[in-house]
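Structure first, commentary second.
Naming: A, B, ... by sequence-line order, numbering from 1 per chain.
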Protein chains: 2
Amino acid sequence: MTPTRPVDKFDRRRDELAESALTTLGAMGYARSSLREIAGNSPFSHGVVHYYFEDKLELVIYSVRYYKARCVTRYDAVVRDSATAGELVEAFAAKLAQTIRDEAPMHRLWYDLRTQSMFEEGLREAITEIDAALEAMIWRVVDRYAALTGCPPSVTASSAYAMLDGLFQQALLAFTAGGEPVLDGLATQVRAVLPLLVRQGVCDRSPSTSR
Amino acid sequence: MTPTRPVDKFDRRRDELAESALTTLGAMGYARSSLREIAGNSPFSHGVVHYYFEDKLELVIYSVRYYKARCVTRYDAVVRDSATAGELVEAFAAKLAQTIRDEAPMHRLWYDLRTQSMFEEGLREAITEIDAALEAMIWRVVDRYAALTGCPPSVTASSAYAMLDGLFQQALLAFTAGGEPVLDGLATQVRAVLPLLVRQGVCDRSPSTSR
DNA sequence: GACTTCTCTTGACAACTGTCAAGATCGGGC
DNA sequence: GCCCGATCTTGACAGTTGTCAAGAGAAGTC
């Protein structure tokens with residue numbers, strides 16, 4: 001019935017707790033989210049956390065994994081449905097801005113956890129894994145863009161991800177401080193940057209799709 | 001005598017405390033650095049902080065400002081001394097890798113605070129200001145690179161900063177997990193990316209300096 | 001219906017936090 | 001030498017934290 005059917009009731013509860021935890025974590029950040037606060041934003045009491053999770057870290061990691069699992073396919077529809085390079089750029093830029101609008105707290109949390117992983121060894125493995133999945137997600141976009149233009153990519157997958165992630169992060173930062181208006185700037189930036197990620201000199205005569 | 005002479009003894013002590021605070025903050029991150037821990041890594045006791053600073057936030061902001069003031073000129077020598085575009089790229093890439101090697105904790109702290117500023121209003125003003133100074137610092141490099149190649153920049157200052165910052169952050173992340181070896185990758189990436197930041201199609205016949 | 005197992009709440013614990021006040025210590029001016 | 005202000009230490013405060021144990025409640029089985 002549910003899109004991802006939990007193996008049993010136990011796993012279902014874990015997901016439920018993760019969902020509640022994400023609300024709190026997204027609003028307050030990792031450091032300031034206490035287990036009592038997290039439980040407060042859930043139908044349960046603070047003690048229940050230790051019934052379903054070993055400790056706070058396990059809950060946090062489970063939660064961010066739970067969220068990111070749904071996210072790494074965010075641009076796949078864009079990749080699938082765009083018939084021209086121009087279309088892809090616009091759809092991608094729009095989707096980036098949209099997710100900042102809709103899910104800013106989750107993105108803030110992600111950057112928070114990724115940064116904390118540099119101080120807290122225990123986070124590192126999960127963060128590294130998710131970051132690799134995000135890199136792959138972005139690469140599908142860039143690779144498809146390259147195919148549509150008929151030009152080969154000009155940078156590696158990790159460079160492309162790092163650069164676009166940098167743009168996204170700055171946009172999120174600006175959005176947090178300034179709200180809605182800054183999002184147009186992100187779209188403009190993406191329109192300017194994506195073409196730089198393919199080698200325009202050496203383009204195919206017949207790109208994989210019409211232009 | 002000292003390079004930057006404090007107005008009086010009071011300011012000198014603030015700097016001294018800031019220096020100690022940076023040690024702790026860089027090692028543990030913002031959230032896990034208590035005032036007692038900070039004072040422990042200083043010649044003073046934990047109570048003295050409130051003699052020199054209003055509260056913890058003021059100390060942290062003062063400390064990061066104190067550090068970043070010295071940093072925003074990091075690449076100015078590179079900009080000044082490079083006679084060719086190739087030289088500039090190499091010197092810039094080397095300097096980026098070097099500062100990760102030498103000052104990783106400080107960079108970790110910076111990203112930590114910048115992220116926390118999305119959750120903690122009180123940090124926002126200082127962070128925004130420093131980020132703008134960093135953007136200007138990077139722009140001096142890119143602008144000079146453009147001049148040396150004779151090609152105009154292909155992106156805005158904020159895009160250039162965001163992208164290079166993204167690369168730097170990924171390198172820092174990888175360095176934290178994997179150490180020294182990953183730094184070669186950063187240099188390679190910078191060599192590939194800097195040329196994308198100028199419009200190679202429309203280059204001047206006579207770049208500002210010989211090539 | 002009794003018994004067992006799963007689920008959850010409550011209350012407590014020790015440790016830690018930022019803050020601050022009371023007083024010790026120090027240094028320079030008279 | 002004495003005093004006064006600046007400087008610093010000590011100890012305490014109220015609040016919060018993650019963790020866990022004891023037991024209440026629910027659910028399912030025989």
Can you give one letter per nucleotide of nucleotides 21-30 of chain C, going 5' to 3': B for a protein heavy atom under 4.0 Å from the base, S for sugar-phosphate only, - for none? ----------
Can you tell which of D/dT7, D/dT9, C/dT9 lies closest to the side chain of A/Val48? C/dT9
Are side-chain N/O atoms of B/Gln116 and A/Thr115 paired as donor and acceptor at under 3.5 Å? no
Beyond-backbone contact of A/Ile138 with A/Phe92, side-chain heavy atoms, under 4.5 angstrom: yes
Nearest-Å distance for atom pair CZ/P, residues B/Arg12 and D/dA6: 17 Å
Give the rounded distance in Å between these two atoms: CZ of B/Phe44 and P of D/dA6. 18 Å
Output every pair passing salt bridge (charged side-chain N to carboxylate O under 4.0 Å, His left out) with a member in residues 33-58 of chain B, not counting sequence neighbours, ordered by first then second residue. B/Arg14-B/Glu58
So do the side chains of B/Asp112 and A/Phe119 get within less than 4.5 Å of each other, counting heavy atoms only? yes
Between residues 50-59 of chain A and DNA chain D, which residues have a heavy-atom gap below 4.0 Å? A/His50, A/Asp55, A/Lys56
Provide, to the nearest angstrom, the distance between the CZ atom belonging to B/Arg13 and the C1' atom belonging to D/dC8. 9 Å
Spacing of CD1 belonging to A/Ile38 relative to CG belonging to A/Leu17, to within rounding of 0.5 Å: 9.5 Å
Answer yes when B/Glu103 and B/Arg70 have at least one side-chain N-carboxylate O distance shorter than 4.0 Å, and no when they do not. no
Does the side chain of B/Asn41 come under 3.5 Å of the side chain of B/Thr24 through a donor N or O and an acceptor N or O? yes
Scoring nucleotides 23-29 of chain D by protein non-hydrogen atoms under 4.0 Å (B base, S sugar-phosphate only, - none) yields -------
Check whether any side-chain heavy atom of B/Leu186 lies under 4.5 Å from a side-chain heavy atom of B/Val182, and answer yes or no. no
Measure from the side-chain heavy atoms of B/His46 and tell me the nearest of D/dT9, C/dC20, D/dT7. C/dC20
Ring pair (Phe, Tyr, Trp, His ring centres under 6.0 Å) contacts touching residues 154-195 of chain B (sequence neighbours left out): B/His107-B/Phe168
For atom CZ of A/Phe10 and atom P of C/dT5, their distance in whole Å: 17 Å
Donor on one side chain, acceptor on other, A/Ser82 and A/Arg144, under 3.5 Å: no
Only residue of A/Glu121, A/Glu125, A/Glu120 satisfying side-chain contact (heavy atoms from CB on, under 4.5 Å) with A/Leu123 is A/Glu120
Check the side chains of B/Asp165 and B/Tyr111 for a donor-acceptor pair under 3.5 angstrom, ignoring hydrogens and angles. yes
Hey, does A/Val142 have a side-chain heavy atom less than 4.5 Å from the side chain of A/Trp139? yes
Within residues 29-39 of chain A, find the residues that approach DNA chain C with a heavy atom at under 4.0 Å, and present them sorted by residue number. A/Arg36
